[in-house]
Amino acid sequence: MKECVLVTGGAGYIGSHTTVELIAAGYDVVIVDNLSNSEFKAVEGVRTITGVDIPFEQVDCGDKEALGRVFDRYKFNSIIHFAASKAVGESVEKPLLYYRNNLGSLINVLELMRDKGVRNLVFSSSCTVYGQPEVLPVTEQTPRQPATSPYGNTKQISEDIIRDTVAAYPALYGIALRYFNPIGAHPSALIGELPKGVPGNLVPYMTQTAAGLRECLSVFGDDYNTPDGSAIRDYIDITDLARAHVVAVDRMVQGKSKSHYEFFNVGTGRGVSVLELIAAFERATGVKVNHRIVGRRAGDIEKIWADTTFANQELGWKAQRKLEDTLASAWAWEKKLRGIQ
């Protein structure tokens, strides 16, 4: 009998790509999503790619009773918890929304795991837990700095909640994957990043600008202490990131965890500035991106990228896709969405 994995937020950007990789690795999957920041067409895309009629439950993880019925309806022993609000800028404007949604949903998941005998949790964390680090690149031992946004703070608090919970209930195991900046789309162009309204992330805003949906891409700041003045991030291909979740599930299912709570950096180990990313997109696609420099954005950090040595060694996982190929996949997805030849 196949192992089954519950994927909360499975209709979202990272969740949908991870579902594809889980099925390719031989797992059964149940998707839970309230579709507040995603669309059902992502589930349809996953079903088309995999050829599997994956069960989908439209449930809000903040509704513990409804989520509990999902636990009762399906047999699974592992959960990947993506469901959360995730825009840094919005979190600065709406902190209470972020604390209620991100922390409440995680607590519901953990309480149901404890009460219904579900063992393994992979948590969708973020490099924002490091704040603005004093030394780069960041390793898993880099001290966490004060969060620069409510979103980042919810990730720090969530990690602490998981750590304390698995310490209190020895049947539970947790792995937090600290993402850097996921970009790109599935090679089929059947799923990709699908923001509702104005994109909060750089690459979908860039592809929408290239497609003519947006007039101009704003680069938030050119006065940072970086070679070209724009902020630096570690941009990881979405499929590479999705594979890391499969490896994390494998680790717990196979009993290879070295402690009840582990955490890993999931990035490329390479820092790329915003202006460098725009130039790479233009090289990869041959399409110019109209952009302008504007002021810094509240909550943004100056620069961060990963040291992935620990994840590479412990998980046997490594980011593989080239940046230009990833950006080309994002453009292919955008063109397919807009019917551009």
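- Counting heavy atoms of neighbouring residues, nucleotides and ligands inside a 6.0 Å radius, atom CD of Glu215 does not exceed 12 of them.
- A salt bridge does not link Lys256 with Asp250: none of the charged nitrogens is closer than 4.0 Å to a carboxylate oxygen.
- Listed here is the closest heavy atom pair of Leu103 and Thr154: CD2-O, 3.7 Å.
- Considering OG1 of Thr142 and CD of Gln145, their distance stands at 9.0 Å, rounded to 0.5 Å.
- We find the CD-CG distance between Glu3 and Asp28 to be 9.5 Å, quoted to the nearest 0.5 Å.
- Between Arg243 and Asp240, the closest side-chain pair of non-hydrogen atoms falls below 4.5 Å.
- Summarising the geometry, atom CD1 belonging to Ile183 is positioned 9.5 Å from atom CD1 belonging to Ile236; distances are rounded to the nearest 0.5 Å.
- Between Phe264 and Phe310, a ring centre-to-centre spacing shorter than 6.0 Å is recorded.
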His81 and Val122: side chain to side chain contact (heavy atoms under 4.5 Å, CB included), yes or no, with the steps? CA-CA 6 Å; His81 183 53; Val122 178; over 6 Å; no
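- Of the possible donor and acceptor atoms, one in the side chain of Thr226 sits under 3.5 Å from a partner among the backbone N and O of Gly229.
- Shown here for Val88 and Ala298, the closest heavy-atom pair between the two residues is CG1-O, 4.2 Å.
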Determine, step by step, whether Glu39 and Lys196 satisfy the salt bridge (Lys or Arg N to Asp or Glu O under 4.0 Å) criterion, reporting the C-alpha distance in whole Å, the side-chain angles of both residues, the deciding distance to 0.1 Å, and the verdict. CA-CA 9 Å; Glu39 295 185 20; Lys196 288 193 172 181; 5.6 Å; no
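- For the pair Leu106/Asn102, no side-chain contact is recorded, criterion being any heavy-atom separation below 4.5 Å from C-beta on.
- Figure legend: cation-pi geometry between Arg178 and Phe263, with NZ or CZ positioned under 6.0 Å from the six-membered ring centre and within 45° of its axis.
- Surrounding CZ of Arg296 are more than 12 heavy atoms belonging to other residues, nucleotides or ligands, all under 6.0 Å away.
- We find the OG-CZ distance between Ser149 and Arg297 to be 10.0 Å, quoted to the nearest 0.5 Å.
- With rounding to the nearest 0.5 Å, the separation of OG1 in Thr239 from CD in Gln320 is 10.5 Å.
- The number of heavy atoms from other shown groups lying within 6.0 Å of NZ (Lys94) does not exceed 12.
- With no hydrogens or angles considered, a side-chain donor-acceptor pair links Tyr261 and Glu159 at under 3.5 Å.
- Between Ile301 and Tyr224, the closest side-chain pair of non-hydrogen atoms is not below 4.5 Å.
- Looking only at side-chain heavy atoms (C-beta outward), Asn34 and Cys61 stay at 4.5 Å or farther from each other.
- Taking 4.5 Å as the limit, every side-chain heavy atom of Met113 sits out of range of all side-chain heavy atoms of Arg119.
- A 4.5 Å side-chain heavy-atom check between Asn37 and Ser85 finds every atom pair outside the cut-off.
- In this structure, Tyr13 and His17 have perpendicular ring planes: the angle between them is above 60°, well past the 30° mark.
- Nearest heavy atom pair, residue Thr19 against residue Gly10, reads OG1-O, 4.3 Å.
- Here the side chain of Ser273 pairs a donor or acceptor atom with the backbone of Glu276 at under 3.5 angstrom.
- Pairing each heavy atom of Ile304 with each of Leu136, the nearest pair is CA-CD2, 3.8 Å.
- No donor-acceptor pair under 3.5 Å is formed between the side chain of Asn101 and the backbone N or O of Leu97.
- Counted by atom type alone, Asp164 and Tyr169 present zero donor-acceptor pairs between their side chains at under 3.5 Å.
- No side-chain donor-acceptor contact under 3.5 Å links Gln58 and Asp33.
- Ile49 and Ile14 fall within a single hydrophobic cluster, where Ile, Leu, Val, Met, Phe, Trp and Tyr are joined by side-chain heavy atoms under 4.5 Å apart, directly or via other members.
- The neighbour count for Arg114 CZ, taken as heavy atoms of other residues, nucleotides or ligands under 6.0 Å away, is above 12.
- Of the possible polar contacts, none joining the Glu193 side chain to the Gly184 backbone as a donor-acceptor pair under 3.5 Å is found.
- Annotation: Phe40 is in aromatic contact with Phe56 [ring centroid separation under 6.0 Å].
- If you take NZ on Lys155 and OG on Ser126, they are separated by 7.0 Å, rounding to the nearest 0.5 Å.
- A distance-only check finds a donor-acceptor pair linking the side chain of Asp234 to the backbone of Gly269 [under 3.5 Å].
- Val274 has its side chain within reach of Leu202: a pair of non-hydrogen atoms, C-beta onward, lies under 4.5 Å apart.
- Side-chain contact annotation: Ser230 with Asp222, donor-acceptor N/O pair under 3.5 Å absent.
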Tyr235/Thr326 under side-chain hydrogen bond (donor to acceptor under 3.5 Å, both in side chains): CA gap, chis, key distance, verdict: CA-CA 9 Å; Tyr235 296 98; Thr326 299; over 6 Å; no
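- Residues Arg144 and Asp160 meet the side-chain proximity criterion, which asks for heavy atoms closer than 4.5 Å.
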Between Asp237 and Lys322, is a salt bridge (Lys or Arg N to Asp or Glu O under 4.0 Å) present by the stated rule, with each step listed? CA-CA 8 Å; Asp237 181 85; Lys322 294 179 181 176; over 6 Å; no
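- Minimum heavy-atom separation, Val92 to Gly299: CG2-CA, 4.5 Å.
- For the 3.5 Å distance criterion, the side chains of Tyr99 and Asn153 qualify, holding a donor opposite an acceptor.
- Leu337 and Leu217 fall into different hydrophobic clusters, where Ile, Leu, Val, Met, Phe, Trp and Tyr are joined by side-chain heavy atoms under 4.5 Å apart, directly or via other members.
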Worked verdict on Glu57 versus Tyr74 for side-chain hydrogen bond (donor to acceptor under 3.5 Å, both in side chains): CA-CA 11 Å; Glu57 298 283 344; Tyr74 301 95; 2.6 Å; yes
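- A donor-acceptor contact closer than 3.5 angstrom links the side chains of Glu90 and Tyr98.
- Checked against the 6.0 Å centroid criterion, the rings of His245 and Phe123 do not qualify as a close aromatic pair.
- The shortest heavy-atom contact between Pro204 and Pro195 is CB-CG, 3.9 Å.
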